[in-house]
Q: 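First, the structure itself, so that you have it in front of you.
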Amino acid sequence: MTERLYGGFWRRFVAYAIDTIVLYLISLFLLLTALVALGLGGGLSLHDVLVTGELPRGMGLFLVVYAAATFIAGMIYFTWFHGSVGQTPGKMLLGLRVTPASGEKMTFGVAFLRWVGALISGLFLLLGYLWIAFDGRKQGWHDKIAATLVVRVRYEPVNHPHGVEE
């Protein structure tokens, strides 16, 4: 069995920051599109909304729906990428992959459980995420809940059929 190099705290932090920026840009685009589609009413222009933060009347319900949609988009983003290829765009850029600790293939069920675990990791002053820095296998609480590891894929040896490793 080959030794795995685990994705450390800072590498994972940067990957998550990249994913957060991607999600933010998507959400911002959708928010601005929705504001334009709703006509901004009340004499406010898009410029006024962006500069002053003042919203047209009746936008409170819209913002609640927007917040819920953003939450669901994050769930879909992380569950889809982790469940389908084991990597979000941020993890792809930094050479990381989420894999079940058992070595089996990643599934959407495990990815969803990991996402739920990520909510728990953030509940208590982000201690579940800080745990990564001190854990021997670099697992956060969400990794422990879903029995997953984050490994560095660029450094994993490749086994060839003839027994030669790279």
Side-chain angles (χ1 to χ4, degrees), residues 1-35 37-38 53 55 59-159:
M1 187 166 142
T2 60
E3 183 180 334
R4 290 181 165 167
L5 291 177
Y6 303 112
F9 177 81
W10 289 111
R11 184 176 292 263
R12 291 175 65 173
F13 178 81
V14 171
Y16 182 75
I18 291 168
D19 292 326
T20 300
I21 290 168
V22 168
L23 279 168
Y24 171 75
L25 292 174
I26 292 168
S27 295
L28 182 63
F29 173 76
L30 293 174
L31 175 65
L32 295 176
T33 302
L35 288 173
L38 292 173
L55 294 172
M59 289 301 291
L61 177 61
F62 168 75
L63 291 179
V64 170
V65 171
Y66 171 75
T70 301
F71 179 78
I72 292 168
M75 176 195 65
I76 291 169
Y77 179 88
F78 287 104
T79 301
W80 172 260
F81 279 111
H82 287 147
S84 62
V85 293
Q87 299 174 291
T88 59
K91 285 183 178 70
M92 289 176 195
L93 287 172
L94 290 166
L96 299 172
R97 174 174 285 125
V98 177
T99 181
S102 65
E104 296 174 3
K105 187 178 185 305
M106 191 68 173
T107 66
F108 289 106
V110 171
F112 179 75
L113 180 61
R114 188 173 188 275
W115 177 81
V116 171
L119 297 177
I120 295 168
S121 287
L123 277 180
F124 304 102
L125 303 173
L126 303 176
L127 286 177
Y129 291 107
L130 294 174
W131 195 267
I132 296 166
F134 304 103
D135 187 79
R137 297 196 309 171
K138 303 298 181 192
Q139 288 179 296
W141 292 354
H142 50 292
D143 294 310
K144 292 187 181 293
I145 289 169
T148 58
L149 298 169
V150 177
V151 295
R152 294 174 65 175
V153 293
R154 292 192 183 136
Y155 296 101
E156 285 186 24
V158 176
N159 291 323

Q: So, using side chain to side chain contact (heavy atoms under 4.5 Å, CB included) as the criterion, who are the partners of A147 when residues are at least two apart?
A: none
Q: Write out all pairs satisfying salt bridge (charged side-chain N to carboxylate O under 4.0 Å, His left out) with one or both partners inside residues 100-111, taking only residues at least two apart or from two chains.
A: none
Q: Taking only residues two or more places apart in sequence or in another chain, which ones pass salt bridge (Lys or Arg N to Asp or Glu O under 4.0 Å) with K144?
A: D135
Q: Apply side chain to side chain contact (heavy atoms under 4.5 Å, CB included) to L149 and list each qualifying residue two or more places apart in sequence or on a separate chain.
A: R4, Y6, T99, A101, R137, Q139, V151
Q: According to ring-ring contact (aromatic ring centres under 6.0 Å, His included), who are the partners of F108, at least two apart in sequence or on a separate chain?
A: W80
Q: Say you draw a straight line from CZ of R11 to CG of L5; how long is it, rounded to the nearest 0.5 Å?
A: 9.5 Å
Q: Can you establish whether the number of heavy atoms outside F13 located under 6.0 Å from its atom CZ is more than 12?
A: no
Q: Give the intermediate values and the outcome of side chain to side chain contact (heavy atoms under 4.5 Å, CB included) for residues V98 and M106.
A: CA-CA 8 Å; V98 177; M106 191 68 173; 3.6 Å; yes
Q: Under the salt bridge (charged side-chain N to carboxylate O under 4.0 Å, His left out) definition, can you give me all pairs with a residue in residues 73-94, not counting sequence neighbours?
A: none
Q: Identify all side-chain donor-acceptor contacts of residues 20-31 below 3.5 Å with residues at least two apart in sequence or on another chain.
A:
unit_1 : atom_1 : unit_2 : atom_2 : d
T20    : OG1    : Y16    : O      : 2.9
S27    : OG     : L23    : O      : 3.0

Q: Which residues pass the side chain to side chain contact (heavy atoms under 4.5 Å, CB included) test with L130, not counting sequence neighbours?
A: F9, L127
Q: Return a table of donor-acceptor pairs under 3.5 angstrom between the side chains of residues 70-79 and protein atoms on other chains or two or more places apart.
A:
unit_1 : atom_1 : unit_2 : atom_2 : d
T70    : OG1    : Y66    : O      : 2.9
Y77    : OH     : D19    : OD1    : 2.8
T79    : OG1    : M75    : O      : 2.8

Q: Who pairs with V65 by side chain to side chain contact (heavy atoms under 4.5 Å, CB included), at least two apart in sequence or on another chain?
A: L61
Q: Could you pull out the closest heavy-atom pair between G83 and A111, with the gap in Å?
A: N-CB, 3.4 Å
Q: Quick check for you: to the nearest 0.5 Å, what is the distance between R97 atom CZ and M92 atom CE?
A: 8.5 Å
Q: Between V153 and Q87, is there a side-chain heavy-atom distance shorter than 4.5 Å?
A: yes
Q: Does any pair with a residue in residues 106-120 pass side-chain hydrogen bond (donor to acceptor under 3.5 Å, both in side chains), and if so which ones, sequence neighbours excluded?
A: R114-D143, R114-T148
Q: Please identify each residue that fulfils side-chain hydrogen bond (donor to acceptor under 3.5 Å, both in side chains) with H142, with sequence neighbours left out.
A: R12, S121
